[in-house]
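A, B, ... follow the sequence lines: proteins, then strands. Residue 1 opens every chain.
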2 protein chains.
Amino acid sequence: MRNRGFAETSLRTITGAAGVNLAAVNYHFGSKKALIQAVFVRFLDPLVAEVERRLTDMQQSKDHLSVEDLLQLLTQSVYDIHGKGSNRATAFMRLLGLAYTQSQAHLRRFIGERYGEAFQHYVAHLKPALPGATAADLFWHTHFALGTAIFTMSNFDALRAMSENDTGSRTPVDFIVSRLTAFMAAGLHNAAHE
Amino acid sequence: MRNRGFAETSLRTITGAAGVNLAAVNYHFGSKKALIQAVFVRFLDPLVAEVERRLTDMQQSKDHLSVEDLLQLLTQSVYDIHGKGSNRATAFMRLLGLAYTQSQAHLRRFIGERYGEAFQHYVAHLKPALPGATAADLFWHTHFALGTAIFTMSNFDALRAMSENDTGSRTPVDFIVSRLTAFMAAGLHNAAHE
DNA sequence: GTAAGTTTCAAACACTTGTTTGTGTCCGGT
DNA sequence: ACCGGACACAAACAAGTGTTTGAAACTTAC
């Protein structure tokens, strides 16, 4: 239905599709930037809460968390919070991609301020799972993995269309997610040991 | 100097920085889309020619090309064609990122039509280096690797600023490139064997 | 030197963007 | 019943976009 992003979609398109008046956005949120930030909050706040909850749960049942454990923890949290079948996750990931690629410095700053701590907390759990990595390795490899996920999700429809055009059959979401997590895990594991 | 992309930069900004008249773009190129496509052609045409040349050279000296060989072939080609020290490569990668994330369907179509064959040719060399991968694996893993590179390059300045903010020192370009290629190689290698 | 063709340039055009404005409508409290 | 705050709505606003225009300035050829 909506094959464009969000930040690049006009308020008239958004409000038109939602069936509300154009001025309602500025009345309730103040600005378009604030609206987008509210969308992020609505998605990320319950997600980081779920991740934190699972993180402490898993820490008590297992004494050592593997990279695969931590990655699956993320995907499972997204599934549980925002539903597996819906396209909310991919739509949001596309939006997250825009936050990085488009010149939306306000969003990157906002995300960093509000969720930087949670991100660092997650990375702290990732550190003992990658014993050979230095601090610089850890930073870059996690951002490589993050970039892989963001790029894939933000171009999800286009990539799937290309794949279908090549092979003739539509790739199931589960397959893509499993390939993606395997790719990220392999990159995180082996990049430092060469 | 220019911290925004290209497609999201107005013609008035571009022509103003270049010191030329606004109407010159439409006179010489016809439209802004054609201008952007011309930029891509100016960058990619010599690059794919260099890659093709190195591909046949390497094929004759070695009987089996490894993933690492093929990745280094790419980076070396970029360095040789467009210079190592300059920021042309990162500027272009940012532009390439926009071609995917922004709703610039015309650019994706243009790139696919003009360079799809060269891409397939490169992937064909990658296939024997990854014996365990199916066709679907190959498609998705190569696009994962492509996405990692595009995301990293298109957010190069922001990531480096974050890293400098964390560690206190600026990461050398060579280090990032070596970490990036190692990450991509590990992902390509090991993602299929689990 | 003049004519024809090409390129430059400022101005205007048509359009879209996010935001604001002023009026109207609803609804709960006294 | 009526007042007052909260909301909805159409219209206008200011600023920005890519593109077109028409007249100058230059270049080339005869």
- [ ] Could you state the atom-to-atom distance from CG of B:Asn26 to C1' of D:dT19 in whole Å?
- [x] 5 Å

Open item on the list: My understanding is that only residues two or more places apart in sequence, or in another chain, count here; which of them pass ring pair (Phe, Tyr, Trp, His ring centres under 6.0 Å) with A:His28?
Closed with: none

Task: Partners passing side chain to side chain donor-acceptor pair (under 3.5 Å) against B:Asp69 (at least two apart in sequence or in another chain) - done: B:Lys62, B:Ser66

Task: Whole angstrom value for the distance that separates P of C:dT19 from CG of A:Leu11 - done: 6 Å

- [ ] Test for a donor-acceptor pair under 3.5 Å between the base of D:dG16 and the side chain of B:Arg12, counting only N and O atoms.
- [x] no

Open item on the list: Any donor-acceptor pair under 3.5 Å linking the side-chain atoms of B:Asp45 with those of B:Tyr115?
Closed with: yes

- [ ] Check the distance between C:dT8's P and B:Phe29's CZ and give it to me in whole angstrom.
- [x] 11 Å

- [ ] Can you establish whether the number of heavy atoms outside A:Gln76 located under 6.0 Å from its atom CD is more than 12?
- [x] yes

TODO: Report yes if the distance between the aromatic ring centroids of A:Phe183 and B:His189 is under 6.0 Å, otherwise no.
DONE: no

Please tabulate the protein-to-nucleotide N/O contacts below 3.5 Å involving nucleotides 6-11 of chain D, giving atom names and distances.
{"residue": "D:dC7", "atom": "OP2", "partner": "A:Tyr27", "partner atom": "OH", "Å": "3.3"}
{"residue": "D:dA8", "atom": "OP2", "partner": "A:His28", "partner atom": "NE2", "Å": "3.0"}

Open item on the list: Counting only side-chain nitrogens and oxygens, does A:Ser10 get under 4.0 Å of the OP1 or OP2 atom of C:dT16?
Closed with: no

- [ ] Please report, rounded to the nearest Å, how far the C1' atom of C:dG18 is from the NZ atom of A:Lys33.
- [x] 11 Å

- [ ] Using atom CD1 of B:Ile14 as one end and atom P of D:dG16 as the other, report the distance to the nearest whole Å.
- [x] 16 Å

Task: Crowding at CD, B:Glu52 (>12 non-hydrogen neighbours, <6.0 Å) - done: yes

